[in-house]
There are 2 protein chains.
Amino acid sequence: MSLGGLLGEGSGAALQQVRTEPIQQRSAARLSGLLDAAAAVVDEVGFDRITTAMVAERAGASIGTVYRYYPDRVAVLHALHERAVARFRQRVVDELGASTLTSWWDAVDCVVTAFVGLYRTEAGFRIVNFDDRDGAPAADAVADADFFARRLADVLVNEFDLPSGDDLIFRLGVAVEMADALLARAFYSNPLGDERFIAECRLVMRDYLDRFYSPQALDLLATVS
Amino acid sequence: MSLGGLLGEGSGAALQQVRTEPIQQRSAARLSGLLDAAAAVVDEVGFDRITTAMVAERAGASIGTVYRYYPDRVAVLHALHERAVARFRQRVVDELGASTLTSWWDAVDCVVTAFVGLYRTEAGFRIVNFDDRDGAPAADAVADADFFARRLADVLVNEFDLPSGDDLIFRLGVAVEMADALLARAFYSNPLGDERFIAECRLVMRDYLDRFYSPQALDLLATVS
DNA sequence: TGTCACCGAGTGGAATTCAATCATCCTGGC
DNA sequence: GCCAGGATGATTGAATTCCACTCGGTGACA
């Protein structure tokens, strides 16, 4: 599968995001324009103060247009989130391709770098990342994290011979949660990201995974079995 | 200061939560009655289906009364969260008092246990802690975490002779973020908490802090300086 | 000329306000 | 001590505002 495998065909739950698939070309621009507007607005007023009217106005469209494409307010935020995640995956792949990977650690480091990069450049990403929330069935925040953990696991297994299995996925899931929390914290007060938290995130990732997947740990595992 | 020091006079940012401080006694009951009602309702219908009218009715009050005390709908939920956090502090103190602490690790363990207990018993906390952690203005969440880290640092310094200073506070802050994320994840899909995540949380806490504050690490630090 | 896109006033329900009313506290005269 | 009655806090709920979402009508493309 190689590294490109991280680019899934979509998140775990490929939900019915768009109401009407655009047929004429101009609509595609409208669609992403709406998302750009939503991203900008969410950055300015925050997650729950965003209104459909704001998004429409910012996008130079009317309320009706918003509802032509999205069934309701949160669907817009979902779509924004989906796009951000897609870009995140793409960035991870780019990052992985641009580096020479000598161990799984390099891959994990690339993921952190990609995440930090997105925080810095993607408007609204900070607000909507894995911690995305919506109504009761906000399952996809967790689902996304799990899905991503699964993909990453595939890469690590195939490229670096980590032992596959539920344990690996679980631990990557744990790592993702921790990284997400730490990086969110890093960007909470500092728009460019508090380097101290970012560095500590990398350190924690490595220490945590080293416990199970360092060469020594793997050797030990091999001799036992 | 002893363990009681964890009980601060309030959160780090004593935000303007309540519109009007109640003066007459009956209002105190009203206030907590409103929060109890909010907790019950949020447990039943979820974070964004809760309406001010529901809270008012459940509390046996009128809409106006809600707005007398809270500036808007989400402020009520914030307040609910604050109260839960306050109870968490109390619970930590109880927990610490009931255990015989032989090392800083026992104290950290107590904190985790208290937090888990909070999730399990405090109505609505599971929901609120999720959705309150919403988009941008998690201002007081971070403030709370920092404040708590500071208090905990005081305890650990005084009781277990950990080296005080910014490093300790920073690392406890990191630990708190991680624990918060992992426990949130543990309770996300399972109301009783996924034991695997809880256990992993304890493990991570210990490993992370051991790196700096294990007896060996401390000895090393002592011989160097 | 038939779709496709788009618009924006209109609808309904929830959030929030506020003037009126009730409850409690306080003060001073007895 | 006790009580009248003004002052101030607390409560109410109808009225208002806000906002998500609908829908009939207008232009644009093929």
Side-chain angles (χ1 to χ4, degrees), chain A residues 15-38 40-42 44-81 128 133-138, chain B residues 16-38 41-42 44-80 128 131-132 134-135 137:
Chain A
L15 44 160
Q16 181 62 27
Q17 201 79 268
V18 193
R19 239 181 180 174
T20 308
E21 202 60 26
I23 302 208
Q24 299 174 2
Q25 317 79 306
R26 57 172 168 164
S27 329
R30 248 227 193 260
L31 242 168
S32 72
L34 284 175
L35 290 189
D36 292 340
V41 173
V42 123
E44 282 171 22
V45 308
F47 193 98
D48 20 283
R49 284 194 220 294
I50 191 175
T51 73
T52 50
M54 289 179 192
V55 174
E57 187 186 357
R58 176 68 65 107
S62 78
I63 304 278
T65 301
V66 174
Y67 283 92
R68 167 160 196 81
Y69 293 111
Y70 298 102
D72 59 27
R73 197 179 64 99
V74 296
V76 179
L77 277 327
H78 271 329
L80 180 58
H81 175 242
V128 195
R133 82 206 185 73
D134 52 5
Chain B
Q16 186 61 28
Q17 196 82 266
V18 195
R19 249 180 171 173
T20 308
E21 201 62 24
I23 301 205
Q24 301 175 2
Q25 317 79 306
R26 57 172 169 162
S27 330
R30 266 263 176 242
L31 244 168
S32 71
L34 284 175
L35 291 188
D36 291 340
V41 173
V42 105
E44 284 172 20
V45 307
F47 188 92
D48 23 62
R49 281 192 227 293
I50 191 174
T51 72
T52 50
M54 288 179 191
V55 175
E57 188 186 355
R58 177 70 64 106
S62 78
I63 301 279
T65 301
V66 174
Y67 282 92
R68 168 163 191 78
Y69 293 112
Y70 300 102
D72 59 27
R73 196 179 64 97
V74 296
V76 178
L77 296 169
H78 276 328
L80 181 58
V128 171
D131 297 302
D132 210 27
D134 60 9

Asker: Within the 4.0 Å heavy-atom criterion, would you say T51(B) contacts the bases, only the backbone, or no part of the nucleic acid?
Answerer: sugar-phosphate
Asker: Provide, to the nearest angstrom, the distance between the OH atom belonging to Y70(B) and the P atom belonging to dA10(D).
Answerer: 13 Å
Asker: Taking only residues two or more places apart in sequence, or in another chain, which ones meet E44(A) in a salt bridge (charged side-chain N to carboxylate O under 4.0 Å, His left out)?
Answerer: R58(A)
Asker: Separation of R68(B) atom CZ from dA23(C) atom C1', in whole Å?
Answerer: 12 Å
Asker: Measure CZ/R49(A) against C1'/dC18(D) and give the value in whole Å, please.
Answerer: 14 Å
Asker: Applying side chain to side chain contact (heavy atoms under 4.5 Å, CB included), run through L35(B) and Y70(B) and close with a yes or a no.
Answerer: CA-CA 11 Å; L35(B) 291 188; Y70(B) 300 102; 3.5 Å; yes
Asker: If you compare every side-chain N and O of T65(B) against the phosphate oxygens of dT12(D) (OP1, OP2), does one of them come in below 4.0 Å?
Answerer: yes
Asker: Search all heavy atoms of A59(B) against all heavy atoms of R30(B) and return the closest pair with its distance.
Answerer: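 The answer is O-NH1, 3.8 Å.
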Asker: Figure out the CG/P separation between L31(A) and dA5(C), and round it to whole Å.
Answerer: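 About 10 Å, once rounded to whole Å.
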Asker: Between T52(A) and G64(A), which residue's closest nucleotide on DNA chain D lies nearer the 5′ terminus?
Answerer: T52(A)
Asker: Which whole-number value in Å describes the distance from R73(A) CZ to dT22(D) P?
Answerer: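 Rounding to the nearest Å, CZ of R73(A) and P of dT22(D) are 14 Å apart.
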Asker: Checking contacts here: which listed nucleotide (dA15(C), dG8(C), dT12(D)) is nearest the side-chain heavy atoms of R30(B)?
Answerer: dT12(D)
Asker: Can you give the donor-acceptor pairs under 3.5 Å from side chains of residues 50-57 of chain B to other protein atoms, not counting sequence neighbours?
Answerer:
unit_1	atom_1	unit_2	atom_2	d
T51(B)	OG1	A53(B)	N	3.4
T51(B)	OG1	M54(B)	N	3.1

Asker: Mind calculating the distance between OH (Y67(A)) and C1' (dT11(C)) to the nearest angstrom?
Answerer: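 Nearest whole value for this atom pair: 13 Å.
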Asker: By nearest atom, which of the nucleotides dT22(D), dT11(D), dA15(C) is closest to the I63(A) side chain?
Answerer: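 So the nucleotide nearest the side chain must be dT22(D).
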Asker: Which whole-number value in Å describes the distance from L34(B) CG to dA10(D) C1'?
Answerer: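 So the two atoms are 12 Å apart, to the nearest Å.
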Asker: How long is the line joining CE of M54(A) and P of dA20(D), in whole Å?
Answerer: 8 Å
